[in-house]
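To start, the structure under review is shown below, and the notes come after it.
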Amino acid sequence: AACGSEPSGAAPSAQPVALAGVPSGSADAAAHVGASAARSTPPPDATGAPSAPPAAPELWRPTSPPVFLPGQPDCAVPGGLAAWRWRRLRKVDGLSEKAVIVTLDVGAKLPQLERLLDALREVGLRTTIFLYTAELERSRDAGRILKRMIEDGHELGNHTATHRDLTKLDPEQVGDELDRVEAFVEEHTGRGTRPWFREPLLATNDAVDAVVRARCYRSVWFTIDTADWLPDATADGIVQRVMLDKGKARQIESGSILIFHGSQAENVVALPEIVRQLRSQGFTFMTLGEAVSRSDPGLGTSEGPSHRPGR
């Protein structure tokens, strides 16, 4: 099911985007995971042994005394997040670095999720992961998987416990959805998911927004929709959605937020290839926390409309 995808306008061009020899189509994608990983391995050092991926930089941490949101004395703006706004975020403006933010909505098909985490580790990519936790709560491996995300440098956000349309729930139920994720992640990792939140299906309204903000979360949408959740999605098609716009090379802006889903097998091939192509264009990758903390406070962030109806 789609975790949050907006209408994207014109369909991507049928012109293929080369996957470095990987045939398109989900049936072929799994067979070529090993080849994709090999392409992502750093070159050998002087001894002939493959070089280790660069160590992930320390995750952002508060660097100044907390500032509290007027009217919400319980919500501290995270220190160091200069361009903080409580409205929903679609792009991080004012970055001096040429960087993009990869986000993942995850929670279903845990074996597939772990294969994707393997692929991300191999290319040294750290992301912001939005968790929905119903399947994780039933898994004996939940603690190990969550701790692995932290150890690999990923940042965790909240995507509700059961991935339901929040506009069809009452405020108490909406609050329970968020609280359940926060408690579960804290239990297994010792840290929470605040301040990042993404609504399932992007379904929200004023009542949902009020609950989200009262719990000190900031809603995050995206700049580029990969549409990887579509039934006919292929690895090649996902790469096209990111790298092309109406058949021409997309002019990707620094601070763009990309959305992927951890349950999609095609991303094991597509995401490393997108990373390779963007790095060849001079892009680096940041988590949301890193990007917002480094943004220009005078420029702020690009924000979406007040809300969109559930669907």
Side-chain angles (χ1 to χ4, degrees), residues 1-5 26 29-30 33 102-122 125-204 208 211-212 215-217 219-220 226 228-231 233 259-268 270-271 287-288 310-311:
C3 288
S5 297
S26 54
V33 171
V102 171
T103 66
L104 298 173
D105 291 357
V106 308
K109 300 181 182 178
L110 299 185
Q112 171 56 39
L113 169 61
E114 294 215 70
R115 286 190 287 273
L116 181 57
L117 291 175
D118 288 340
L120 300 184
R121 179 183 286 175
E122 287 164 355
L125 178 65
R126 297 175 302 109
T127 70
T128 299
I129 297 177
F130 291 90
L131 295 164
Y132 59 99
T133 56
E135 186 171 334
L136 278 164
E137 291 168 6
R138 297 190 294 269
S139 173
R140 295 179 179 178
D141 294 323
R144 178 183 58 78
I145 293 172
L146 291 173
K147 289 174 183 175
R148 175 192 177 170
M149 292 176 181
I150 298 293
E151 290 168 357
D152 285 354
H154 301 292
E155 179 180 53
L156 304 184
N158 195 320
H159 198 40
T160 76
T162 62
H163 203 269
R164 289 189 286 174
D165 181 342
L166 298 182
T167 65
K168 300 183 184 302
L169 306 181
D170 63 42
E172 182 177 356
Q173 291 173 310
V174 173
D176 287 345
E177 286 281 331
L178 274 65
D179 295 345
R180 182 169 149 189
V181 175
E182 182 74 1
F184 183 76
V185 173
E186 283 188 347
E187 175 187 351
H188 288 284
T189 69
R191 64 178 70 184
T193 59
R194 289 185 179 89
W196 310 122
F197 170 71
R198 179 175 284 150
E199 305 91 334
L201 312 175
L202 298 187
T204 189
V208 171
V211 175
V212 170
R215 281 165 168 74
C216 309
Y217 283 105
S219 175
V220 179
T226 63
D228 58 355
W229 50 270
L230 290 172
I259 180 174
F260 297 85
H261 295 81
S263 58
Q264 305 305 116
E266 294 75 18
N267 282 330
V268 174
L271 228 174
T287 65
L288 274 169
R311 51 184 176 78

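- Scored by the salt bridge (Lys or Arg N to Asp or Glu O under 4.0 Å) test, Glu114 finds Arg144, Arg148 as partners (sequence neighbours excluded).
- The CZ atom of Phe260 sits 9.5 Å away from the CG atom of Leu116 when rounded to the nearest 0.5 Å.
- Note that CZ of Arg121 and CG of Asp118 are 6.5 Å apart. Values are rounded to the nearest 0.5 Å.
- When each of Arg215, Arg194, Arg191 is tested with Glu182 by the rule salt bridge (Lys or Arg N to Asp or Glu O under 4.0 Å), just one qualifies, namely Arg194.
- To the nearest 0.5 Å, the span separating CG on Leu125 from CG on Asp152 amounts to 10.5 Å.
- Taking OH from Tyr217 and CG from Leu178, the interatomic distance works out to 5.5 Å, rounded to the nearest 0.5 Å.
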Take Asp105 and His163 through the side-chain contact (heavy atoms from CB on, under 4.5 Å) test and state the conclusion after the steps. CA-CA 10 Å; Asp105 291 357; His163 203 269; 5.7 Å; no
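- With contacts defined as side-chain heavy-atom distances shorter than 4.5 Å, the pair Leu271/Leu104 qualifies.
- The distance from the CD1 atom of Ile129 to the CG atom of Leu288 is 11.5 Å, given to the nearest 0.5 Å.
- Under the side-chain hydrogen bond (donor to acceptor under 3.5 Å, both in side chains) rule, His261 has a single partner from Thr226, Asp228, Thr103, which is Asp228.
- Aromatic ring pairs are classed by plane angle as parallel below 30°, tilted from 30° to 60° and perpendicular above 60°; the pair His159 and Phe130 is perpendicular.
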Taking it one step at a time, do Leu117 and His154 satisfy side-chain contact (heavy atoms from CB on, under 4.5 Å)? CA-CA 10 Å; Leu117 291 175; His154 301 292; 4.0 Å; yes
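- The side-chain hydrogen bond (donor to acceptor under 3.5 Å, both in side chains) search around Asp176 returns none, not counting sequence neighbours.
- Across Ile150, Leu131, Leu136, a single residue satisfies side chain to side chain contact (heavy atoms under 4.5 Å, CB included) together with Val185, and that is Leu131.
- To the nearest 0.5 Å, atoms CG (Leu156) and CG (Leu146) are separated by 7.0 Å.
- Between the side chain of Asn267 and the backbone N or O of Ala270, no donor-acceptor pair lies under 3.5 Å.
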Test side chain to side chain donor-acceptor pair (under 3.5 Å) on Arg164 and Thr162; report intermediate values, then the result. CA-CA 6 Å; Arg164 289 189 286 174; Thr162 62; 3.2 Å; yes
Step-by-step side chain to side chain donor-acceptor pair (under 3.5 Å) determination, Ser263 to Gln112: CA-CA 6 Å; Ser263 58; Gln112 171 56 39; over 6 Å; no
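- Scanning for salt bridge (Lys or Arg N to Asp or Glu O under 4.0 Å) contacts around Glu135 gives an empty result, with sequence neighbours left out.
- Side-chain atoms of Val212 and Glu199, non-hydrogen and from C-beta on, never get closer than 4.5 Å to each other.
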Please walk me through it: do Met149 and Val106 pass side-chain contact (heavy atoms from CB on, under 4.5 Å)? CA-CA 11 Å; Met149 292 176 181; Val106 308; 4.2 Å; yes
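- Between Ala119 and Val268, the shortest heavy-atom contact is CB-O, 3.9 Å.
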